[in-house]
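Remarks on the structure that follows.
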Amino acid sequence: MNTTEPSPKNTASPNTGSDTFDIGRNGSRASHTRFLGFLGFAVLLTAVFIKPLFSLTAGAIHSQLDSYIVLVPFVSAYLIYDRRKRLPKEYGFSLWAMIPLLAGIIALTTALKLHRPGSSLSDHDYLALMALSFVCLLAAGGFLFLGRKWMTAAAFPFAFLIFIVPMPDAMADTLETASQLASTEAASLFFDITGTPVLREGTIFQLPNIVIQVGQECSGIRSSWVLVLTSLLAANLFLKSTWRRAILVCFVIPLAIVRNGFRVFVIGMLCVQIGPAMIHSVIHRRGGPLFFALSLIPLFLLLWWLHRGEGPRKGTPETEDLGGSPAPPTGGSEESSRT
């Protein structure tokens with residue numbers, strides 16, 4: 001009985017290379033479409049919220065507390081740009097979108113329902129709710145169009161957008177009061193250390209030639225909040241381990257208190273040594289940026305020390321530089337590159 005081998009002409013050629021090219025091209029096209037879809041969604045969402053966002057920006061520019069808000073979107077955009085090579089190029093759909101979607105709808109409904117004539121909701125709190133709704137809905141769009149993997153890779157830049165939400169009035173008042181009392185205690189400690197004769201009653205210091213009171217406007221809440229944002233950025237950019245990042249951010253709280261107390265102490269000593277007119281000097285009225293800059297010195301020293309402690313382990317090549325980007329390969333023979 002004769003058997004015949006199937007002719008190569010009768011078997012379908014897999015044509016692997018051509019099919020792979022078509023699948024890759026179609027996948028790339030689909031990913032490109034989803035990315036463009038997210039950009040379109042972001043533009044449409046911004047157009048819907050344009051009025052409250054414009055009011056928020058205009059108010060932040062002239063606000064002593066919320067002026068940092070204007071810079072937040074640019075910082076987030078830069079962080080995403082800096083991570084662009086590490087972000088996934090394939091996008092997908094994720095049901096995690098339901099969580100920020102629900103939060104955004106609740107914030108939007110609350111803002112629209114309570115923002116009426118005679119309502120107890122202030123204009124500032126209304127803008128805070130609208131900004132919160134915008135950020136939540138934008139995050140929902142990210143999960144819908146880009147997927148969980150992409151949002152996870154861009155978690156910090158996206159989460160940083162939450163700082164466009166201004167502090168609610170109740171939160172700002174609470175933090176100002178707490179900072180006022182803590183700064184008073186710190187200033188009192190400085191006076192005691194230097195042996196300055198002083199009588200204290202609450203937040204009032206009776207010094208030779210002058211009586212000063214630490215008011216809420218002296219709490220330094222704005223510079224302290226900006227210091228928190230600075231520590232978050234520095235920790236994310238320059239540190240790898242979670243516990244080191246936590247140490248840097250938590251260090252900001254006592255640092256801000258000491259800085260505010262030191263400012264009160266310096267102003268009080270200037271009034272004692274030079275004259276009571278120093279209470280109206282530029283050091284008191286416009287000295288905030290100077291003391292903020294001074295507080296950056298110990299913050300960056302701690303950052304340097306923490307980063308130094310994250311040096312490469314013995315036998316492990318250092319693969320990242322300060323910015324988190326892959327370090328350029330070093331020269332050398334194959335023998336010297338082995339672990």
Side-chain angles (χ1 to χ4, degrees), residues 64-68 163 167 171-208 210-239 242-274 278-309:
Q64 293 184 351
L65 177 60
D66 301 326
S67 57
Y68 64 89
F163 290 108
M167 284 189 195
M171 177 180 176
D173 290 340
T174 301
L175 291 179
E176 283 184 349
T177 302
S179 181
Q180 174 192 11
L181 297 176
S183 300
T184 302
E185 296 295 335
S188 179
L189 180 61
F190 279 117
F191 286 129
D192 291 341
I193 292 176
T194 57
T196 304
V198 59
L199 294 177
R200 176 189 169 190
E201 183 177 353
T203 60
I204 300 176
F205 293 99
Q206 184 175 349
L207 299 165
I210 193 172
V211 176
I212 61 175
Q213 180 178 11
V214 182
Q216 280 195 340
E217 62 275 11
C218 301
S219 64
I221 184 63
R222 174 181 174 272
S223 56
S224 299
W225 193 241
V226 173
L227 201 62
V228 171
L229 269 64
T230 303
S231 67
L232 286 172
L233 283 173
N236 183 263
L237 289 172
F238 303 123
L239 299 177
T242 302
W243 70 269
R244 283 186 171 89
R245 291 175 175 177
I247 288 177
L248 185 69
V249 176
C250 292
F251 177 70
V252 168
I253 298 176
L255 177 62
I257 294 173
V258 171
R259 182 208 58 208
N260 293 338
F262 182 69
R263 183 182 180 185
V264 174
F265 166 74
V266 169
I267 294 171
M269 292 304 296
L270 288 175
C271 293
V272 171
Q273 299 297 330
I274 300 177
M278 292 302 296
I279 196 66
H280 304 294
S281 66
V282 67
I283 297 295
H284 183 205
R285 300 300 181 187
R286 304 292 179 184
L290 172 62
F291 290 94
F292 176 80
L294 291 176
S295 64
L296 292 178
I297 297 176
L299 179 67
F300 287 147
L301 285 176
L302 177 61
L303 173 63
W304 171 80
W305 181 75
L306 290 173
H307 177 74
R308 185 182 180 185

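These values consider heavy atoms only, across backbone and side chains, with no hydrogens, waters or symmetry-generated copies.
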Leu294 vs Arg259 side-chain heavy atoms within contact, under 4.5 Å:
no

Is it the case that the side chain of Ser188 and the backbone of Thr184 share a donor-acceptor pair, with hydrogens and angles ignored and the cut-off at 3.5 Å?
no

So do the side chains of Val226 and Thr230 get within less than 4.5 Å of each other, counting heavy atoms only?
yes

If I compare all heavy atoms of Ile257 with all of Ala186, which pair ends up nearest, and what's the gap?
O-CB, 3.7 Å

Mind checking the CG-CD1 spacing from Leu207 to Ile212? Nearest 0.5 Å is all I need.
5.0 Å

Does a donor on one side chain and an acceptor on the other come within less than 3.5 Å for Ser183 and Arg263?
no

Looking at CZ of Phe262 and CE of Met269, how far apart are the two atoms once the value is rounded to the nearest 0.5 Å?
10.5 Å

Heavy-atom pair with the smallest gap, counting every atom of Val258 and Phe190
O-CE1, 3.8 Å

So, does Arg245 use its side chain to make a donor-acceptor pair with the main chain of Ile247 at under 3.5 Å?
no

If you take all heavy atoms of Asp66 and Met167, which pair is closest and at what distance?
OD1-N, 4.3 Å

Would you name the heavy atoms of Tyr68 and Phe163 that are closest together and state the gap between them?
CE1-O, 3.4 Å

For Ile204, check side-chain contact (heavy atoms from CB on, under 4.5 Å) against everything at least two apart and list the hits.
Val211, Gln213

Do His284 and Leu270 come close enough that some side-chain heavy atom pair is under 4.5 Å?
no

For the residue pair Phe265 and Ala187, what are the closest heavy atoms and their distance?
N-CB, 4.4 Å

Would you say the side-chain atoms of Asn236 pair up with the backbone N or O of Leu232, donor to acceptor, closer than 3.5 Å?
no

Just to verify, what does Phe251 make a ring-ring contact (aromatic ring centres under 6.0 Å, His included) with, not counting sequence neighbours?
none

Below 4.5 Å, heavy atoms only, C-beta onward: do His307 and Leu239 meet side chain to side chain?
yes

Determine whether more than 12 heavy atoms belonging to other residues, nucleotides or ligands lie under 6.0 Å from atom CZ of Arg286.
no

Atom CG in Leu255, atom CG in Leu296: separation rounded to 0.5 Å?
8.5 Å

Indicate the atoms forming the closest heavy-atom contact of Val264 with Phe191, along with that distance.
O-CZ, 4.4 Å

Do side-chain atoms of Ser179 reach the backbone of Glu176 as a donor and acceptor pair under 3.5 angstrom?
no

Any side-chain heavy-atom pair of Arg200 and Glu185 under 4.5 Å
yes

Which value, rounded to the nearest 0.5 Å, describes the distance between Cys250 atom SG and Leu248 atom CG?
9.5 Å

Nearest 0.5 angstrom please: Ile267 CD1 to Phe291 CZ, how far?
6.0 Å

Interatomic distance, Leu303 atom CG to Leu299 atom CG [nearest 0.5 angstrom]:
7.0 Å

